[in-house]
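Below is one structure, written out as structure tokens, with a few remarks after it.
Note that the structure is predicted; figures quoted are calculated from it, not measured. Each chain gets a letter, A, B and so on, in the order the sequences are listed, and its residues count up from 1.
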2 protein chains.
Amino acid sequence: MTSVDPVAGAPARRGPRMRDVAALAGVGIKTVSRVVNNEPGVSPDLAARVRRAVEQLGYRPNLGASSLRRADGKTAAIALVLENIANPFSAAVHRAVEDVARERGVLVFAGSLDEDPRRERDLVQAFTMRRADGLIIAPASDDQGYLYDDVVRTQTPVVFVDRPPHGLRADAVLATNAEGAAAAVHHLADAGHERIAYLGDYVRIPTAADRFRGYREAMVDRGLRVRAEHVAHDLHSAEAAERAVRAMLALDDPPTALFSSQNLVTIAAVRALRALGRQHAVALVGFDDFPVADLLDPGVTVVAQDPAAIGRTAAELLFRRLDGERWEPRQHRVETRLIARGSGELRPAVAS
Amino acid sequence: MTSVDPVAGAPARRGPRMRDVAALAGVGIKTVSRVVNNEPGVSPDLAARVRRAVEQLGYRPNLGASSLRRADGKTAAIALVLENIANPFSAAVHRAVEDVARERGVLVFAGSLDEDPRRERDLVQAFTMRRADGLIIAPASDDQGYLYDDVVRTQTPVVFVDRPPHGLRADAVLATNAEGAAAAVHHLADAGHERIAYLGDYVRIPTAADRFRGYREAMVDRGLRVRAEHVAHDLHSAEAAERAVRAMLALDDPPTALFSSQNLVTIAAVRALRALGRQHAVALVGFDDFPVADLLDPGVTVVAQDPAAIGRTAAELLFRRLDGERWEPRQHRVETRLIARGSGELRPAVAS
DNA sequence: GTGAAAGCGCTAACAC
DNA sequence: GTGTTAGCGCTTTCAC
């Protein structure tokens with residue numbers, strides 16, 4: 001074969017190198033490089049010989065070595081930092097990014113944060129050490145100034161998704177959170193509701209804060225009172241969310257409608273209403289769609305995000321920067337869409 | 001700063017290198033290397049000076065260069081090839097792999113196949129060129145002999161998940177597909193059903209084939225006839241699955257129970273039964289769980305897989321191989337579990 | 001058209 | 001303890 005078989009137990013057998021291919025094809029190493037990289041200026045004859053040798057040896061170029069030496073230093077890999085690659089939102093963003101990247105022969109490194117800022121810095125640093133060409137991030141930290149050393153100074157493009165940057169100027173692709181939440185409230189108010197409750201995740205999460213703002217402003221717009229006892233923040237577990245719903249519905253003046261600002265909270269709310277047998281009595285609109293929401297009884301009305309559009313847009317912006325295009329960083333908004341399925345069209349029991 | 005500012009438009013600004021750190025700290029480059037890699041044998045004094053210089057310059061080691069030179073050639077990255085990183089099964093596997101990898105400071109490259117063997121080879125090759133330390137793959141191809149050049153010869157560990165290897169000896173982590181399907185059939189037969197239909201994805205997908213085998217064998221075990229008109233294969237779209245259910249229920253001798261061998265098929269079956277108003281009349285057991293299956297009416301009885309356990313097991317096997325452990329490749333089975341929620345406990349309308 | 005030599009940023013081997 | 005030198009596999013530069 002290409003070289004003498006190393007003794008058993010030899011460390012990490014490396015594959016054939018460019019010079020092995022060159023030797024077999026009887027050409028110089030630079031000619032192999034030209035053929036492998038589809039550079040012009042190689043006679044068809046030599047090119048064929050090189051290709052045959054590549055085939056015969058099962059040669060695979062070492063992109064690490066290549067990018068080390070190459071002038072632009074590109075690794076053809078981008079980094080993606082998301083809340084949790086297993087949740088449907090992150091997974092859809094990831095897939096959309098992958099699809100855009102694949103068209104360009106670029107691979108995607110992904111990592112999950114679980115709302116841990118420490119993990120965010122560790123992940124970003126790991127990606128930096130691998131010299132990812134660009135970064136798409138949905139940050140868990142409240143300040144991304146630390147990115148200066150990791151990406152800004154090296155002129156690595158960064159695009160934020162789902163959450164805006166702080167302490168750093170960069171493009172961001174965000175859902176219309178406040179507007180979507182406002183639409184939910186207006187929808188419920190249109191159905192005759194006045195006592196509309198808010199159920200939300202950690203307020204420190206920017207999307208949750210924006211959705212609460214949208215809720216509050218829409219309530220004011222409609223001349224409705226935002227009652228403290230009808231607002232529950234920081235519901236990050238299903239249990240907490242269910243408990244909040246039960247507590248609210250046990251009030252003397254219970255809400256007749258619920259707006260839940262997140263996926264898992266919405267599902268918890270459905271579960272709580274079911275357990276109380278109130279699912280046809282209390283209206284519900286949830287932010288963010290989820291699978292088979294239409295098959296529940298009643299179908300769950302939601303303000304749907306478009307995670308695929310968010311991911312695609314972010315990836316496209318990143319690649320435009322990588323192509324050398326320059327512009328002032330700005331926020332790009334991806335529209336939400338209210339999907340009526342029944343739960344949001346329930347009317348209050350008693351007209352007021 | 002570390003060097004003169006390059007002229008505007010200069011190509012790809014590279015960050016500070018080890019020698020810049022060494023110069024600033026007034027030490028040799030090897031000392032910096034020792035500090036950066038936490039190698040022993042550096043005086044605390046010099047180590048501190050190096051660390052200060054690292055901090056000051058915002059130095060980030062270049063892992064690509066490092067692994068190029070290092071004896072073991074490790075890149076501290078593994079490749080993960082799945083059907084579709086956006087579907088819940090793949091996403092859960094991915095997340096489990098990430099968690100195991102993270103403990104070891106290893107990053108994960110992931111890619112989706114969409115049942116395309118061509119894409120499988122392209123992806124694997126892309127990972128090989130980046131010299132991933134190991135590969136976890138749920139193949140779409142029917143033969144993975146091509147992996148020889150990419151991984152076997154370079155002694156790169158490979159672990160299969162969800163689908164067994166063909167044309168290659170390698171570890172595989174698989175759900176108990178046949179057994180799970182058989183359990184579903186027995187469950188339905190226990191409820192009194194005799195006309196149990198099978199609804200499945202492409203038969204060329206090994207998991208679908210195994211589940212069909214489990215179905216068939218269990219039917220025979222129970223002395224039940226497998227009727228050709230009660231078997232529908234190759235249902236890869238929701239539309240096809242819904243059509244199949246409608247067609248079966250329109251038969252003179254319709255099934256009284258359905259076993260659907262896949263997630264999306266199960267949901268399509270629920271949709272079809274709903275549309276016909278038969279959801280409380282026709283029993284249903286689905287293979288693979290899905291979110292809020294318990295909130296449907298009736299709750300959907302499923303044979304749940306454990307994708308997190310599959311991913312975790314696969315990653316652990318991969319890392320044991322990377323640690324140099326050796327054993328005969330074998331299949332590792334992850335148990336499925338039947339979760340009764342209502343739809344699978346419905347009894348046939350007419351006793352027979 | 002083609003290829004020899006230098007060097008990307010780092011670690012291995014070995015000297016001090 | 002510490003530093004110097006060579007070279008990982010490739011692309012760049014430049015000579016032919």
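Of the residues listed (A:Arg321, A:Arg330, A:Arg326), the one engaging A:Asp171 in a salt bridge (charged side-chain N to carboxylate O under 4.0 Å, His left out) is A:Arg321, and it is the only one.
Each end of the helix from C:dG1-D:dC16 to C:dC16-D:dG1 yields a helix axis from five base pairs, and these two axes differ in direction by 30° (to the nearest 10 degrees).
Note: A:His94 and B:His94 have tilted aromatic rings, judged against thresholds of 30 and 60 degrees for the angle between ring planes.
With rounding to whole Å, B:Met129 atom CE is found 15 Å from D:dT11 atom C1'. Atom pair B:Leu68:CG and C:dA12:P shows a separation of 12 Å (rounding to whole Å applied). Atom CZ of A:Arg70 and atom P of D:dG9 are 17 Å apart (whole Å). The separation between B:Asn62 atom CG and D:dC8 atom C1' is 13 Å, rounded to whole Å. One atom, CZ of B:Arg14, and another, C1' of C:dG9, lie 9 Å apart when rounded to the nearest Å. Atom CG of A:Leu57 and atom P of D:dG9 are 14 Å apart (whole Å). As rounded to whole Å, 13 Å separates atom P of C:dT2 from atom CD of A:Glu39. In this structure, B:Asp20 atom CG and C:dG9 atom P are separated by 9 Å, rounded to whole Å.
For A:Ser66 and D:dT11, the shortest distance from a side-chain N or O to OP1 or OP2 is below 4.0 Å. In this structure, A:Arg19 reaches the D:dC8 phosphate: one of its side-chain N or O atoms is under 4.0 Å from OP1 or OP2. Residue B:Ser43 places at least one side-chain N or O closer than 4.0 Å to OP1 or OP2 of D:dT2. A:Asn37 has a side-chain polar atom (N or O) that falls below the 4.0 Å cut-off from OP1 or OP2 of D:dT11.
B:Tyr148 is linked by a side-chain hydrogen bond (donor to acceptor under 3.5 Å, both in side chains) to nothing, counting only residues two or more places apart in sequence or in another chain. In this view, A:Glu55 satisfies the side-chain hydrogen bond (donor to acceptor under 3.5 Å, both in side chains) rule with no residue, not counting sequence neighbours. Scored by the side-chain hydrogen bond (donor to acceptor under 3.5 Å, both in side chains) test, A:Glu98 finds B:Ser112, B:Arg119 as partners (sequence neighbours excluded). Taking B:Glu83 as the reference, nothing meets the side-chain hydrogen bond (donor to acceptor under 3.5 Å, both in side chains) condition, with sequence neighbours excluded.
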For residues 312-320 of chain A, dump all side-chain donor-acceptor pairs below 3.5 Å to protein atoms at least two apart in sequence or in another chain.
from     : atom 1 : to       : atom 2 : distance (Å)
A:Thr313 : OG1    : A:Ala309 : O      : 2.6
A:Arg320 : NE     : A:Glu325 : OE1    : 3.3
A:Arg320 : NE     : A:Glu325 : OE2    : 3.2
A:Arg320 : NH2    : A:Glu325 : OE2    : 2.8

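Every pair passing salt bridge (Lys or Arg N to Asp or Glu O under 4.0 Å) that includes a residue from residues 144-155 of chain A is listed here, sequence neighbours excluded: A:Asp149-A:Arg153, A:Asp150-B:Arg60. The list of salt bridge (Lys or Arg N to Asp or Glu O under 4.0 Å) pairs with a residue in residues 124-134 of chain B, not counting sequence neighbours, is empty.
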Sort me out a list of protein N/O and nucleotides 3-6 of chain C N/O pairs below 3.5 Å, or just none if empty.
from  : atom 1 : to      : atom 2 : distance (Å)
C:dG3 : OP1    : A:Gly28 : N      : 3.2
C:dG3 : OP2    : A:Gly28 : N      : 2.8
C:dG3 : OP2    : A:Thr31 : OG1    : 2.4
C:dG3 : N7     : A:Arg34 : NH1    : 3.4
C:dG3 : O6     : A:Arg34 : NH2    : 2.9

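Of the residues near DNA chain D, B:Arg131 and B:Gly41, the one whose nearest nucleotide (by heavy atom distance) lies more toward the 5' end is B:Gly41. Residue whose closest nucleotide on DNA chain D sits further toward the 5' end, between B:Ala65 and B:Val42: B:Val42.
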